[in-house]
S.K.: 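One structure, pasted below without further comment.
In what follows, chains are A, B, ... by sequence order, proteins preceding strands, each numbered from 1.
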2 protein chains.
Amino acid sequence: MLNRMTTDAPRRGRPPRGSAPGLSRSRVLGEALALVDEEGVEEVSMRKLARRLGVDPMSLYNHVDNKDAILDGITELILASAEFPASTSDLRSDMIELARAFRRAMLEHPRAAPLVLTRQLSSSQALAPTEIVLATLRRAGLSPQDAVHSMRTVLAFLIGTLMREVSAGPTFAAGDAEAIRSRRAELEESGLPMVAEAAPFLAVCDHDAEFEFGLRVLLEALDAELARTEI
Amino acid sequence: MLNRMTTDAPRRGRPPRGSAPGLSRSRVLGEALALVDEEGVEEVSMRKLARRLGVDPMSLYNHVDNKDAILDGITELILASAEFPASTSDLRSDMIELARAFRRAMLEHPRAAPLVLTRQLSSSQALAPTEIVLATLRRAGLSPQDAVHSMRTVLAFLIGTLMREVSAGPTFAAGDAEAIRSRRAELEESGLPMVAEAAPFLAVCDHDAEFEFGLRVLLEALDAELARTEI
DNA sequence: ACCTGAACACCGTTCAAGT
DNA sequence: ACCTGAACACCGTTCAAGT
């Protein structure tokens with residue numbers, strides 16, 4: 001940052017140094033995602049982002065509409081990074097793999113994941129995963145209506161589970177024994193008998209196990225429900 | 001707002017007029033919730049809130065630690081407003097009623113609900129609903145561990161469903177036929193065959209039905225799962 | 001076409017000064 | 001004990017001016 005040129009005084013026109021030769025929408029979004037990964041969503045500002053790119057804050061507006069469009073762009077970037085498997089002949093295992101792929105994509109960007117889980121986009125980028133899921137469900141014989149219904153139920157579970165997982169932060173972290181101990185003590189002294197009794201289980205959360213358990217139970221239930229209404 | 005006194009000039013010391021005779025934590029939080037209800041979470045600022053209370057912005061800091069504590073306070077206010085039914089002898093219908101009560105509380109403050117669904121508080125205020133749910137599950141014979149597990153699975157579904165419901169905004173609104181028509185057209189022209197085919201169902205969302213369907217399916221599945229592992 | 005800087009109307013919060 | 005205002009270090013965004 002020091003001694004970048006012979007002078008420190010900023011100039012007008014084209015930037016004098018190599019840090020930002022060609023700004024572009026994709027460079028802006030990529031740097032924005034990196035910023036979210038490092039510092040969290042609430043730390044994103046146009047000015048800070050511009051600083052990282054070595055550019056005037058206002059230059060960003062040549063490539064994105066506004067800050068909100070940047071957050072939408074991050075969402076699309078993450079959705080596009082998910083690698084969804086093609087459908088096979090087994091619906092249940094297909095759905096499990098689709099859900100795992102979605103979860104994997106979120107966990108690669110835990111601080112950005114709330115954006116994806118919170119914003120509902122209707123761009124074609126954001127519809128691509130929907131297309132894949134619907135294709136899998138339709139191929140297994142579900143009607144379009146049942147497919148939409150099933151997708152929504154599973155997605156609600158995924159969103160709820162992942163919101164807990166990515167915003168839990170240090171609490172519930174697997175290794176942090178000290179945090180678990182103090183949380184457990186806090187729950188035990190809450191004065192609430194059921195909470196105190198269940199404190200050992202409330203103080204920890206095995207996210208992998210919760211995810212796999214809930215997903216399995218839910219998919220079995222949907223199977224049963226669909227079998228019932230098909231008769 | 002005009003002509004509040006003989007002079008417009010603000011003074012020091014105790015406020016000269018009746019608008020804010022005694023500020024208090026509960027008055028601050030109540031007004032904050034009203035502000036969120038009217039304008040949304042992102043419109044909350046200490047300055048705007050103070051203006052509504054007829055008070056200097058800095059006065060708020062005598063009653064709350066900071067802005068984040070206000071948002072936490074709103075969450076506790078809403079959680080405390082939920083009226084959870086006592087448990088009966090039927091676990092399934094108890095859980096359904098608990099879930100409905102939670103949903104009702106969220107839907108009374110749709111713009112504030114994301115705060116409740118997003119922040120995980122460990123204050124005793126926030127633990128009260130947990131105590132009630134655990135008591136219901138324990139009374140039905142579940143072990144503390146199974147109770148925590150079941151509560152988490154149901155809560156994940158509730159959070160996901162309600163996040164969709166409260167942040168869906170005008171899209172998916174029951175009455176707005178024009179919005180539905182244009183959304184459907186958009187989906188049909190997306191170029192994605194499954195999305196286009198399912199457009200009539202993707203363009204609408206009966207939140208009541210989705211909620212009841214998912215909840216029923218999930219609780220049945222949990223019942224079956226618990227019956228299985230108990231053998 | 002793209003980048004820039006001043007300017008506008010905001011923020012949250014600290015701190016010393018009032019009553 | 002509580003309220004106040006100036007001040008600090010920030011925001012997002014518009015707009016005219018540069019190259």
S.K.: Would you kindly compare Pro57(A) and Arg47(A) by the position of their nearest DNA chain C nucleotide and give the one closer to the 5′ end?
M.R.: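 With Pro57(A) and Arg47(A) compared, the 5'-side residue is Pro57(A).
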
S.K.: Students often mix this up, so state it plainly: with edges at 30° and 60°, are the rings of Phe213(A) and His149(B) parallel, tilted or perpendicular?
M.R.: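 Plane angle between 30° and 60°, so tilted.
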
S.K.: Considering non-hydrogen atoms only, spot the tightest contact between Ala203(A) and Leu187(A) and give its length.
M.R.: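 Smallest heavy-atom distance, with atoms named: N-CD1, 4.0 Å.
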
S.K.: From the options dC3(C), dT13(D), dT4(D), select the nucleotide whose nearest atom is closest to the side chain of Asn62(B).
M.R.: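 Nucleotide nearest to Asn62(B)'s side chain: dT4(D).
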
S.K.: Heavy atoms within less than 4.0 Å of DNA chain C: which residues of residues 65-72 of chain B have one? Give them sorted by number.
M.R.: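 DNA chain C contact set from residues 65-72 of chain B: Asn66(B), Lys67(B).
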
S.K.: Check the distance between dT4(C)'s C1' and Arg51(A)'s CZ and give it to me in whole angstrom.
M.R.: 17 Å

S.K.: Provide, to the nearest angstrom, the distance between the CZ atom belonging to Arg25(B) and the P atom belonging to dC2(D).
M.R.: 14 Å

S.K.: Take atom CE of Met46(B) and atom P of dT4(D), then tell me their distance rounded to the nearest Å.
M.R.: 14 Å

S.K.: Please answer whether the main-chain N or O of Met194(B) pairs with a side-chain N or O of Glu131(A) as donor and acceptor at a distance below 3.5 Å.
M.R.: yes

S.K.: Does a side-chain N or O of His63(B) approach OP1 or OP2 of dA1(D) to a distance below 4.0 Å, or not?
M.R.: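 For dA1(D), OP1/OP2 do not have a side-chain N/O of His63(B) under 4.0 Å.
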
S.K.: More than 12 heavy atoms of other residues, nucleotides or ligands under 6.0 Å from CD of Glu83(A): yes or no?
M.R.: no

S.K.: Closer than 3.5 angstrom, by distance alone: can the side chain of Arg152(A) be matched with the main-chain N or O of Glu210(B) as a donor-acceptor pair?
M.R.: no

S.K.: Let's see if you get this right: which residues in residues 34-45 of chain A place a heavy atom under 4.0 Å from DNA chain D?
M.R.: Val44(A), Ser45(A)

S.K.: Quick check on dT4(C): is either OP1 or OP2 less than 4.0 Å from any side-chain nitrogen or oxygen of Ser59(A)?
M.R.: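 Answer is yes, contact under 4.0 Å.
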
S.K.: For Arg111(A) and Val41(A), which heavy atoms make the closest approach, and how far apart are they?
M.R.: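 Of all heavy-atom pairs spanning Arg111(A) and Val41(A), the closest is O-CG2, 3.3 Å.
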
S.K.: Look only at the side chain of Lys48(A) and the backbone of Leu35(A), and say whether a donor-acceptor pair between them is shorter than 3.5 Å.
M.R.: no

S.K.: Looking only at atom types and distance, does a side-chain atom of His109(A) sit under 3.5 Å from a main-chain N or O of Ile78(A), one as donor and one as acceptor?
M.R.: no

S.K.: Asp56(B) has a side chain; which of dC11(C), dG12(D), dT4(D) sits nearest to it?
M.R.: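 Output: dT4(D).
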
S.K.: Are Glu38(B) and Arg52(B) within salt-bridge range, i.e. N to O under 4.0 Å?
M.R.: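 Salt bridge between Glu38(B) and Arg52(B), a charged N being under 4.0 Å from a carboxylate O: yes.
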
S.K.: Which pair of non-hydrogen atoms, one from Leu121(A) and one from Ala126(A), has the smallest distance, and what is that distance?
M.R.: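 For Leu121(A) and Ala126(A), the tightest heavy-atom pair comes out as CB-CB, 3.6 Å.
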
S.K.: Which part of the nucleic acid does Met58(B) contact within heavy-atom distance under 4.0 Å: base, sugar-phosphate only, or nothing?
M.R.: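 Since a base atom lies under 4.0 Å of Met58(B), the category is base.
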
S.K.: Report the secondary structure of DNA chain D in dot-bracket form, marking unpaired bases with a dot and bases paired to a different strand with |, and treating Watson-Crick or G-U pairs with both distances under 3.5 Å as paired.
M.R.: ||.|||||...|||||.||

S.K.: Could you give the CG-to-P distance, from Leu60(B) to dT13(C), as a whole number of Å?
M.R.: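 It is 11 Å, rounded to the nearest whole Å.
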
S.K.: Among the candidates dG12(C), dC3(C), dG12(D), find the nucleotide nearest to the side-chain atoms of Tyr61(B).
M.R.: dG12(C)

S.K.: Would you confirm whether Thr136(A), through its side chain, and Ile132(A), through its main-chain N or O, come within 3.5 Å as a donor-acceptor pair?
M.R.: yes

